[in-house]
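To keep things clear, I will list the structure first and then write my remarks on it.
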Amino acid sequence: MPRMKSLPLAIALVIAVPAHAADLMTITQDALSNNAGYNASRATYDSTRANEDIERGDLLPQVSATASYTQTHTLERQRASTGGAGAAGAGGVAGAGAAGAGASDDNYGTTSAALQVTQTLFDATNWYQLEAAERSSLQQSLSLAGDRQQLMYNVAEAYFEVLRANELLETYKAQERALNRELEQVQQQFNVGVVAITDVRSAESSYDSARAQRIAQESTVEVNFEALEQLTGRQYASIDSLKQSLPIRPPRPASRDAWSQMASSQNISLLAARVGVEAARSDVKTARAGHLPTIEAFANYDYSRSNADYLRGHGEDTQVGIQASLPIYSGGSTSARVRYNTYLLEESQFNAENELRTAVQNARSYYAQVNNAIYSIAARKKAIQSAKSSLDATRQGYQVGTYNIVDVLDAEENLYTSISDYADARYDYILDMLNLRQASGVLDLGTLQALNKWLDAANPVAMIAPDRQNDKDLLAREIDTDGSVSDVFGNVEQARLDPVR
């Protein structure tokens, strides 16, 4: 029996769920239960299963019964007349005419019932329609599995994009603090006449740029959190961060051909497309079956009873037989339907070939990207060490006059750029690995469970509204806050929706 759900109640429960901390597996389970798109796919799958039962029902016995009761009232009137003429004798009487009238009134009831049973003995159209429905159900089940796999990837991607954005935000905050210290030192040196005003302006420029970058990144963190919550319909106070000790290892098996072979045999979209070819082939058979005869056995039983004066009593009639029908000409529509479904079959074959090429190409590309990410992570980690050494050397050179403040600021920027690039490379590695497994058809909950073990619940990432106390000077300098300048976009309360014509 299908389970009926109360949509308003479900929405109310989702809204009522308080924000809580979560890890990757918790959010994935929430998405598998609450994601609207995935639930729609499950409903579509259920509908195809129901359609399979519909097509099967045409091959099973068909039983129908009818019954009726009729009340008849008949009023009949009749008129009769006679006339004659003859010679009158003495004392005789002349001819005379006479007329008479009569009427009858009949009121009776009739009861009838009929039972009909038919069983298809041969109907190729129904058989092939059932075959097509079964293959469509299989195709939809694979599509549902593909949607499930895509949802798991989307959750993982959204999750790690939040962590990426937060890690970059922390880097930008550290860069802003460091450049603020540089600015304060240069300002002090300028106040005592050690450096020129150009050094102060250079330090201010670098600090303002870092602050703008940090402000933009705060917005990115908020937006990425909202994207994660959109997948589940739930809010999360925080999510677990990624451990720095996450192992960076090459994909196994360590062969691009092995991954492309898995993709050509296990990619879910490809499997669904191949089943779609078989479903289209069944549709061609169904269309061709329109030229074939149909044979069915039937049994009919009729009963009638009447209380009319001239038909009092009841009657019974029983029929058992086999009937066959053969379509001879249908205006050419049957042949046209065969051509139509043949073209659809050809389309599905090309689609399957395209899915095969896409799956193999994606597997090869992501395999290369994963391996490149591994080398990139190692190189960027080394670049951080080099940037730190360069910054230390530049600062020492600035103290003795070998370098100027611009050189120090550039070295500072190079260090934090290297840190940001390193963080980017780690998250690129994770997402490329997930993409590789999805393209090869082996992305499942086990993959996410293994990844979930490398999350750090001791250092959660929370979505906190940015503290703008330190940025109010920007409002005072750049933004009109007292309303002295009219709003470019106008007042929201004055907005009106123009009618569509």
Side-chain angles (χ1 to χ4, degrees), residues 5 10 13-42 45 141-168 170 221-249 251-252 262 266-268 366 370 373 423 426-464:
K5 297 181 179 179
L13 289 175
V14 170
I15 296 176
V17 173
H20 59 283
D23 59 8
L24 178 59
M25 288 307 301
T26 299
I27 297 177
T28 300
Q29 295 294 350
D30 288 345
L32 292 175
S33 300
N34 302 320
N35 184 264
Y38 181 62
N39 286 333
S41 296
R42 285 197 291 193
Y45 170 68
S141 69
L142 290 170
S143 296
L144 179 61
D147 291 339
R148 176 185 175 88
Q149 194 178 78
Q150 184 63 49
L151 178 59
M152 288 190 292
Y153 174 80
N154 291 343
V155 170
E157 180 185 37
Y159 189 98
F160 289 110
E161 288 298 340
V162 171
L163 298 186
R164 183 205 299 264
N166 182 77
E167 195 163 334
L168 294 180
E170 294 301 320
V221 173
E222 289 186 275
V223 171
N224 288 356
F225 250 109
E226 293 292 343
L228 180 63
E229 293 170 355
Q230 183 272 335
L231 294 172
T232 63
R234 295 174 179 246
Q235 293 184 341
Y236 304 97
S238 63
I239 62 175
D240 296 347
S241 60
L242 182 66
K243 295 179 179 178
Q244 291 295 324
S245 57
L246 173 74
I248 306 299
R249 297 171 182 169
R252 294 190 300 267
M262 280 193 290
Q266 296 179 222
N267 180 273
I268 295 181
Y366 287 125
V370 169
R426 293 177 74 230
Y427 290 107
D428 286 342
Y429 165 78
I430 294 173
L431 296 181
D432 287 339
M433 183 66 83
L434 294 176
N435 271 312
L436 174 61
R437 297 185 68 86
Q438 183 183 16
S440 303
V442 292
L443 176 61
D444 54 12
L445 284 176
T447 303
L448 301 187
Q449 287 173 344
L451 195 55
N452 197 68
K453 296 178 181 178
W454 295 98
L455 299 180
D456 187 3
N459 296 295
V461 174
M463 185 178 73
I464 302 175

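For E170, the side chain to side chain contact (heavy atoms under 4.5 Å, CB included) partners at least two apart in sequence or on another chain are N166, K173. For Q150, the side-chain hydrogen bond (donor to acceptor under 3.5 Å, both in side chains) partners are N154, Q438, not counting sequence neighbours. With sequence neighbours left out, the side chain to side chain contact (heavy atoms under 4.5 Å, CB included) criterion links A227 to no other residue. When the side chain to side chain contact (heavy atoms under 4.5 Å, CB included) test is applied to V221, the partners found at least two apart in sequence or on another chain are A165, L169, F225. Remark: N452 engages D23, L24, M25, L455 in a side chain to side chain contact (heavy atoms under 4.5 Å, CB included) (not counting sequence neighbours). With sequence neighbours excluded, the residues that form a side-chain hydrogen bond (donor to acceptor under 3.5 Å, both in side chains) with Y45 are R49. Residues forming a side-chain hydrogen bond (donor to acceptor under 3.5 Å, both in side chains) with Y153 (at least two apart in sequence, or on another chain): N435. The salt bridge (charged side-chain N to carboxylate O under 4.0 Å, His left out) search around R148 returns none, not counting sequence neighbours. Scanning for side-chain hydrogen bond (donor to acceptor under 3.5 Å, both in side chains) contacts around N224 gives an empty result, with sequence neighbours left out.
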Would Y159 and L451 count as a side chain to side chain contact (heavy atoms under 4.5 Å, CB included) if you check the C-alpha gap in whole Å, the side-chain angles of each, and the deciding distance to 0.1 Å?
-> CA-CA 12 Å; Y159 189 98; L451 195 55; over 6 Å; no

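For the pair I27 and A22, the tightest heavy-atom approach, listed with the atom from each and the gap, is CG1-CB, 3.7 Å. When every heavy atom of V155 is checked against every heavy atom of A31, the shortest pair comes out as CG2-CB, 3.5 Å. For the residue pair L436 and P251, the shortest heavy atom distance occurs at CD2-CB, 3.9 Å. For the residue pair S238 and P460, the shortest heavy atom distance occurs at OG-CB, 3.6 Å. Across all non-hydrogen atoms, the minimal contact from A158 to L231 is CB-CD1, 3.9 Å. A pairwise comparison of heavy atoms in I430 and L242 identifies CD1-CD2, 3.6 Å as the closest pair.
A donor-acceptor contact shorter than 3.5 Å links the side chain of N267 to the backbone of A439. Distance alone, capped at 3.5 Å, places no donor-acceptor pair between the D456 side chain and the K243 backbone. Checked by atom type and distance alone, the side chain of S241 pairs as donor or acceptor with a backbone atom of N459 at under 3.5 Å.
Interatomic distance, D30 CG to Y236 OH, rounded to the nearest 0.5 Å: 3.5 Å. Residue Q29 holds its CD atom at 12.0 Å from OG1 of T232, rounded to the nearest 0.5 Å. Between the CD atom of E167 and the CD atom of Q244 there is a distance of 5.5 Å, given to the nearest 0.5 Å. How far CD1 of I268 is from CG of L144: 9.5 Å, rounded to the nearest 0.5 Å. Annotation: the span from L163 atom CG to L168 atom CG amounts to 11.0 Å, rounded to 0.5 Å. Expressed to the nearest 0.5 Å, how far CZ of R234 lies from CG of N34 amounts to 4.5 Å.
Sequence neighbours left out, the pairs with a member in residues 154-165 that pass salt bridge (charged side-chain N to carboxylate O under 4.0 Å, His left out) are E161-R164, R164-D424, R164-D428.
Side-chain contact between S440 and Q266: absent, with no pair of heavy atoms (C-beta onward) separated by less than 4.5 Å.
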For residues 442-450, which side-chain donor-acceptor pairs fall under 3.5 Å, sequence neighbours excluded?
unit_1: D444; atom_1: OD1; unit_2: G446; atom_2: N; d: 3.3
unit_1: D444; atom_1: OD1; unit_2: T447; atom_2: N; d: 3.0
unit_1: D444; atom_1: OD1; unit_2: T447; atom_2: OG1; d: 3.0
unit_1: T447; atom_1: OG1; unit_2: R437; atom_2: NE; d: 3.1
unit_1: T447; atom_1: OG1; unit_2: R437; atom_2: NH2; d: 3.4

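At most 12 heavy atoms of other shown residues, nucleotides or ligands fall within 6.0 angstrom of atom NZ in K453.
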